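The structure appears right after this line, and notes come after that.
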Amino acid sequence: MNIEATTLISLKEAMKRVDHKLQALEAQFKDLELTKDNLTQNFEHHNKTLASQAAQDEMWRAVLSLKFTPMELNIVYSYVIEVLIYLHTHVLEKLPDLVRGLPTLTSVLRRKVKNKRIRVVWESVLEECGLQEGDVSALCTFFIAHGDKADHYSAKVRHMYIRDITFMITNMVKNQALRDGLLRAVQVVEEGKAVQNPKEQKPNLKELIPSVKN
């Protein structure tokens, strides 16, 4: 075998070794890319979780630091409870076969996570009255924090004490999410969508405390 042939064989073997190394490096690069993508997704999820927790903590601080007088608190509470009852009863109207399985608003909120039919109805009810999930979270937080010590006032009494509830909420509630939720609750009630006599329909929301805080 002449020198040229030997050199050609050595060159081919060297090229094979280089090709194998390149393939190995390419595989390692793909693994690194996959690891990077997974880490990025986990990081983004962690950031969202922290942001959500921070927003919930801020909501609780805002609700607990409200400077309403007892009369003002009762009036705001009246709007909140009427909307919460409306949401529950309207879901039941659309799901008459599930009335026994959805005795409280809590049950609706919990079961909609895994039950697509309930979730679709829930979302349609929110859309019909112009509410968002964040509004419901704000209203539930308010109810949990103040429901035990607040009383329901009828529309006539409310309007007699405070002529412009929107102005009061806008000026006294600094947290935007809470303010928006309360203002939308007032809008729903004033448009006549919510119930007017909730004394016998007070929603059981105490079980919501863990889910709202966590």
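Owing to the predicted nature of the structure, the values given are computational and were not obtained by experimental measurement. Residue numbers start at 1 and run along the sequence shown.
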Met71 and Ile162: CA distance, side-chain angles, deciding distance, side-chain contact (heavy atoms from CB on, under 4.5 Å) verdict: CA-CA 10 Å; Met71 180 268 293; Ile162 297 181; 4.2 Å; yes

[atom1]/[X] to [atom2]/[Y] distance, rounded to the nearest 0.5 angstrom?
X      : Y      : atom1 : atom2 : value
Gln56  : Met59  : CD    : CE    : 9.0 Å
Arg61  : Leu66  : CZ    : CG    : 13.5 Å
Ile165 : His159 : CD1   : NE2   : 9.0 Å
Arg119 : Glu123 : CZ    : CD    : 6.5 Å
Glu93  : Tyr86  : CD    : OH    : 8.0 Å
Leu182 : Asp135 : CG    : CG    : 9.0 Å

Any side-chain heavy-atom pair of [X] and [Y] under 4.5 Å:
X      : Y      : value
Lys94  : Trp122 : no
Met168 : Asp164 : no
Leu98  : Arg117 : yes
Thr104 : Leu109 : no
Ile144 : Trp60  : yes
Val83  : Arg184 : no
Cys129 : Leu87  : yes

Enclosure of Glu133 CD (heavy-atom neighbours >12, cutoff 6.0 Å): yes

Same apolar cluster: [X] and [Y], side chain cutoff 4.5 Å:
X      : Y      : value
Val157 : Val80  : yes
Met160 : Tyr77  : yes
Val113 : Leu95  : no
Val120 : Val125 : no

Checking the side chain of [X] only, and the main-chain atoms of [Y] only, is there a donor and an acceptor separated by less than 3.5 Å?
X      : Y      : value
Arg179 : Lys174 : yes
Lys149 : Ala145 : yes
Asp151 : Asn74  : no
His88  : Leu102 : yes
Thr141 : Ser137 : yes

Arg158 and Val189: CA distance, side-chain angles, deciding distance, side-chain contact (heavy atoms from CB on, under 4.5 Å) verdict: CA-CA 12 Å; Arg158 293 197 296 259; Val189 173; 3.6 Å; yes

Parallel, tilted or perpendicular, as decided by the 30° and 60° cut-offs, for the rings of Phe142 and His146: tilted

Of Gln187, His152, Glu190, the residue whose pairing with Tyr79 passes side-chain contact (heavy atoms from CB on, under 4.5 Å): Glu190

Using every non-hydrogen atom in the two residues, find where [X] and [Y] come nearest and quote the distance to one decimal.
X      : Y      : answer
Ile118 : Val108 : CG2-O, 4.1 Å
Ala138 : Ala177 : CB-O, 4.0 Å
Val173 : Phe68  : CG2-CZ, 3.8 Å

